[in-house]
Chemist: 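Handing you this structure, nothing more for now.
Throughout, a chain's letter reflects where its sequence line sits, starting with A, and its residues are numbered from 1.
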Amino acid sequence: MSKKSTDKLWLSGNEALALGAYEAGVKVASGYPGTPSTEIMENLSKYDGVYTEWAPNEKVGLEVALGASFVGVRALATMKHVGMNVAADPLFTSAYTGIRGGLVIINADDPEMHSSQNEQDNRNYAFAAKLPMLEPCDPQEAKEFLKTAYWLSEGYDTPVIVRTTTRIAHVKGQVSPGEKTSSSVKPEIVKDAAKFVMLPANARNRRKFVTERMKKLSEFAETFPENRIEWGDGTRGFITSGISYLYVKEVFPEASVLKLGMVWPLPEKMIRSFAEQVDELFIVEELDPFLELHIKAMGIRCHGKDLIPAEGELNPGIVKKAITGEESSGFAPVALPPRPPNMCPGCPHRGLFYALAKQKVFVAGDIGCYTLGFLPPLSSMDSCVCMGAGVSAVHGMAKALGEEGMGKEVAVIGDSTFAHSGITGLLNIVYNDSYSTVIILDNRITAMTGQQPNPGSGTNIKGEPAQMLNFEELCRAIGVRNVVTFNPHKINEARKILKEEINRPEPSVVISRAPCVLIPSEKKRVKVPYRTRLENCTGCMACLGLGCPAIHWVPITPEEAAKLGFKEKQKGHSQISVELCNGCGQCAELCKFDAIGKEEDR
Amino acid sequence: MNGKGNILFCGVGGQGILLASEVTAYSLLAAGMEVRKSEVHGMAQRGGSVTAHLRYGGKVYSPLISPGEADIVVAFEMMEAVRYLPYMHSGSKIIVNTHKIYPPVVATGKMVYPENVLDELTSRDIHVRELNAFDIANGVGEVRAVNIVMVGVLSTYLPVDEQVYVDVMHERIPERFRDVNIRAFQEGRKTAAL
Ligand SMILES: Cc1ncc(C[n+]2csc(CCOP(=O)(O)OP(=O)(O)O)c2C)c(N)n1
Ligand code: SF4
Ligand code: SF4
């Protein structure tokens with residue numbers, strides 16, 4: 001759906017980045033899904049001539065790209081901001097080895113945490129790892145900057161980070177396609193220990209190179225056309241980058257603006273001269289005072305976070321209010337029932353969490369669709385920190401509480417998350433021997449980010465058949481003696497098994513396996529919906545405890561109750577919206593009055 | 001009706017809001033306008049409250065609409081229409097699908113769906129156009145075409161010829177859904193003319 005009748009394309013930032021990677025002649029690209037970065041790899045996988053893959057995690061992805069670069073091809077790694085934490089180890093040392101084929105890392109930050117557990121500002125990584133970072137402001141720039149990044153990477157022997165945010169990644173705008181470029185580097189094996197073997201002696205030499213390189217890049221920044229001054233009225237001058245640039249232009253179209261296309265290293269001379277020529281200098285940036293701190297360190301006076309919020313996203317209204325005090329006025333909000341996201345009708349996770357809620361244990365959770373098990377009515381997740389944390393933390397709890405804690409805590413982790421970061425934690429449980437129980441929620445897919453295949457799915461990024469990870473065998477191979485698998489839609493059986501395994505005095509793994517309703521084969525499968533047999537419903541509300549979006553409560557008056565043939569004191573009945581029901585049968589399993597049945601049984 | 005404006009689409013994940021905003025954006029582009037659009041993916045798909053911001057005409061910088069600056073709001077669900085009041089100003093126009101979707105707290109009987117919720121809009125200086133897009137879509141034989149019914153109504157507020165939308169739908173919508181969607185679009189337009 002991207003081609004327009006004229007020559008310009010209508011693309012999201014992520015689609016534009018994929019096109020940019022294609023036009024830059026990228027040969028190998030590896031990434032792990034994560035909002036708002038996921039669509040880059042999904043789109044790139046549709047182009048010919050570029051190898052793409054979903055790696056188990058971001059560290060693996062970056063190392064794959066680094067290997068490709070070492071043999072002289074252009075390589076790409078994509079990740080969301082927290083993925084950079086996982087990939088930080090290779091990131092910092094790849095700054096020392098440098099590259100052979102151009103190497104670019106696309107990092108997507110998520111100010112406002114639309115879909116994330118924190119809102120860290122990854123511009124700080126560029127500073128800390130001593131790497132150049134480009135920051136586009138719209139889809140067209142996203143594509144161009146990615147191509148520029150390859151040119152910089154090969155020109156300065158450095159990995160380059162391209163940083164986006166949600167409002168770049170998921171904004172659509174017009175983009176002109178361009179020429180395909182290619183690298184002058186020859187793909188071949190080159191042995192160069194002094195460059196690639198980072199032992200202390202070699203690393204000390206490369207450390208000097210890094211300093212030299214950053215000096216050269218600082219000089220380059222002074223003349224880089226994407227660091228540009230747009231002169232206007234000189235009373236207020238703005239230094240800004242990325243999406244904040246567009247907000248500044250929207251609110252102050254007449255002001256002087258220094259737009260930084262490269263946010264690290266900074267063009268000190270350009271900044272100094274700009275600052276001297278405006279009456280008052282404002283730094284407008286989302287999240288941390290990154291530019292502000294470095295500009296203040298140059299001894300330049302400016303406004304920044306004294307006015308502009310450091311938390312959450314900006315928008316033109318916020319920028320205007322911060323600088324002029326004028327508020328854009330809409331109507332006051334009205335209190336309404338909240339509408340949080342919910343798991344799909346028929347989601348297998350719902351059955352598992354319903355069964356788990358009855359165990360009254362501490363559920364050390366993790367990140368995925370299943371994190372929604374935290375919300376009422378299931379309310380059965382008690383911690384969620386980062387991918388893999390639940391499995392490691394439950395062992396820590398067991399060691400801290402000893403006998404006292406036995407049977408009182410459990411870890412839950414999704415299949416993709418388990419492959420990403422859960423295996424090492426499980427290994428620790430076995431090796432350092434605790435009674436911990438880990439539940440793997442195997443819905444065959446990475447669902448949260450939009451159904452990407454993972455090592456357990458049996459398909460690769462292009463949907464072709466791939467080796468399928470056998471979770472049971474893996475767990476046994478690392479020494480877990482108790483491995484049980486069940487179908488979470490069978491809630492009553494699930495309850496029994498969970499009770500047994502959680503109370504087991506040695507390591508155990510429970511695999512809760514049923515497919516996500518949104519994977520293609522499930523969407524195609526004809527499902528027989530369930531229906532309320534109204535005459536049998538006693539209004540006990542047992543089925544409502546699932547929180548399935550296809551079931552709702554219909555309150556009734558005593559007169560209506562009488563009319564419907566219910567007991568007078570019955571306050572209402574449950575009702576299934578047949579068009580939403582995916583036929584999982586969980587609610588029928590919970591109903592003790594035979595008031596829910598398959599439509600075909602009628 | 002002028003050649004510049006901010007349109008806020010809002011509703012519930014799964015209602016086809018992104019496609020509605022895409023068809024609108026393509027039609028404005030085909031009419032030669034500058035357009036920017038912003039969406040949030042991810043959590044939004046799981047039945048939560050969803051928005052898409054679309055800005056067109058003139059020189060468009062920010063892809064986001066600021067509070068108080070939506071000229072037209074296209075609300076796919078009644079309660080969501082009211083939730084985005086802070087984006088509306090005196091004289092804003094709003095198209096509301098009167099179909100209700102219960103959020104979990106209502107579906108589980110913990111809270112009730114606010115009665116006469118549209119009074120919150122009609123009691124203010126806002127032009128409200130109500131319609132049951134669900135019934136209309138059902139009438140053309142495809143309940144999933146609610147989004148295109150809404151586009152049909154919206155099209156009567158925008159400076160773009162009807163034919164441009166039809167051409168866009170011919171180009172963008174897979175053949176097997178095309179006719180029913182074009183019918184949904186035309187029914188939407190008809191409702192707007194009433
Ligand atoms: C380090 C890191 N990378 C990526 C993400 C984004 N992310 C959150 S949950 C998730 C996938 C979860 O998949 P799975 O564990 O299979 O659970 P499901 O959503 O299928 O229930 C991803 C990729 C993240 N939060 N942290
Ligand atoms: S997308 Fe899949 S895993 Fe996520 S809530 Fe829906 S059914 Fe469950
Ligand atoms: S069978 Fe019951 S729990 Fe499952 S999707 Fe249908 S209504 Fe929801």
Chemist: Checking heavy atoms, do the side chain of B/Tyr87, its backbone, both or neither come under 4.5 Å from chain A?
Modeler: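 Contact with chain A is absent: no heavy atom of B/Tyr87 under 4.5 Å.
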
Chemist: For A/Arg167 and A/Glu313, run salt bridge (Lys or Arg N to Asp or Glu O under 4.0 Å): C-alpha distance rounded to whole Å, both residues' side-chain angles, the deciding distance at 0.1 Å, then the answer.
Modeler: CA-CA 9 Å; A/Arg167 300 300 179 181; A/Glu313 281 188 315; 2.7 Å; yes

Chemist: Measure B/Met88 against the heavy atoms of chain A and call it side chain, backbone, both or neither at under 4.5 Å.
Modeler: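 Both backbone and side chain.
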
Chemist: How about B/Asp71 and B/His89: does a side-chain donor come under 3.5 Å of a side-chain acceptor?
Modeler: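 Per modelled atom types, B/Asp71 and B/His89 side chains form a pair under 3.5 Å.
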
Chemist: Indicate whether any N or O donor in one side chain lies under 3.5 Å from an N or O acceptor in the other, for A/Asp109 and A/Thr165.
Modeler: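 A/Asp109 vs A/Thr165: no donor-acceptor pair found between side chains.
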
Chemist: Side chain from CB out, backbone as N, CA, C, O: work out which of these in B/Val112 comes under 4.5 Å of a heavy atom of chain A, or both, or neither.
Modeler: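 Just its backbone gets close to chain A.
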
Chemist: Given a strict heavy-atom distance threshold of 4.5 Å, which part of B/Ser90 is in contact with chain A: side chain, backbone, both, or neither?
Modeler: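 It is both, since atoms from each part get that close.
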
Chemist: Measuring heavy-atom distances to chain A, does B/Val105 have an atom under 4.5 Å in its side chain, in its backbone, in both, or in neither?
Modeler: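 The side chain, not the backbone.
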
Chemist: Select one option (side chain, backbone, both, neither) describing which atoms of B/Ile126 are under 4.5 Å from chain A's heavy atoms.
Modeler: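 Contact with chain A involves the side chain of B/Ile126 alone.
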
Chemist: Quick check on the interface: out of B/Glu80, B/Met111, B/Lys110, B/His53, who has the most heavy-atom pairs with chain A under 4.5 Å?
Modeler: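 It is B/Glu80.
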
Chemist: Could you walk me through whether B/Ile17 and B/Asn147 satisfy the side-chain contact (heavy atoms from CB on, under 4.5 Å) test, starting with their C-alpha distance in whole Å, then the side-chain angles of each, then the deciding distance to 0.1 Å, before giving a yes or no?
Modeler: CA-CA 6 Å; B/Ile17 289 165; B/Asn147 53 355; over 6 Å; no

Chemist: Taking atom types as modelled, find out whether A/Ser416 and A/Tyr32 have a side-chain donor-acceptor pair closer than 3.5 angstrom.
Modeler: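 Short answer, yes.
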
Chemist: Side chain, backbone, both or neither: which part of B/Arg36 has an atom under 4.5 Å from a heavy atom of chain A?
Modeler: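 Both parts, backbone and side chain.
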
Chemist: Cut-off 3.5 Å, side chains only: do A/Glu141 and A/Tyr245 have a donor facing an acceptor?
Modeler: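 Distance-only check fails for A/Glu141 and A/Tyr245.
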
Chemist: Answer yes or no: are there more than 12 heavy-atom neighbours, outside A/Glu579 itself, under 6.0 Å from its atom CD?
Modeler: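 Atom CD in A/Glu579 is packed in, count exceeds 12.
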
Chemist: Using non-hydrogen atoms and a 4.5 Å limit, figure out which bit of B/Pro67 sits close to chain A: side chain, backbone, both or neither.
Modeler: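 Contact with chain A: backbone and side chain both.
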
Chemist: Which atoms of A/Pro316 come close to chain B, meaning under 4.5 Å heavy atom to heavy atom: side chain ones, backbone ones, both, or neither?
Modeler: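 For A/Pro316, the contact with chain B is made by backbone and side chain together.
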
Chemist: Of the backbone (N, CA, C, O) and the side chain (C-beta and beyond), which part of B/Arg144 lies under 4.5 Å from a heavy atom of chain A, both, or neither?
Modeler: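 When you check distances to chain A, no heavy atom of B/Arg144 falls under 4.5 Å.
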
Chemist: In terms of side-chain heavy atoms, does B/Tyr84 have a donor or acceptor partner in B/Ser49 at a distance below 3.5 Å?
Modeler: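 Result is yes, a qualifying pair exists.
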
Chemist: What part of A/Leu314 is in contact with chain B, defined as an atom under 4.5 angstrom from a non-hydrogen atom: side chain, backbone, both or neither?
Modeler: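 For A/Leu314, the backbone is the part near chain B, not the side chain.
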
Chemist: Walk me through it: do B/Glu120 and B/Arg124 pass the test salt bridge (Lys or Arg N to Asp or Glu O under 4.0 Å)?
Modeler: CA-CA 7 Å; B/Glu120 297 288 356; B/Arg124 291 173 170 79; 3.2 Å; yes

Chemist: For A/Pro253, is it the side chain, the backbone, both, or neither that has a heavy atom closer than 4.5 Å to a heavy atom of chain B?
Modeler: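 For A/Pro253, neither part sits under 4.5 Å from chain B.
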
Chemist: What part of A/Ile243 is in contact with chain B, defined as an atom under 4.5 angstrom from a non-hydrogen atom: side chain, backbone, both or neither?
Modeler: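 A/Ile243 touches chain B through side-chain heavy atoms alone.
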
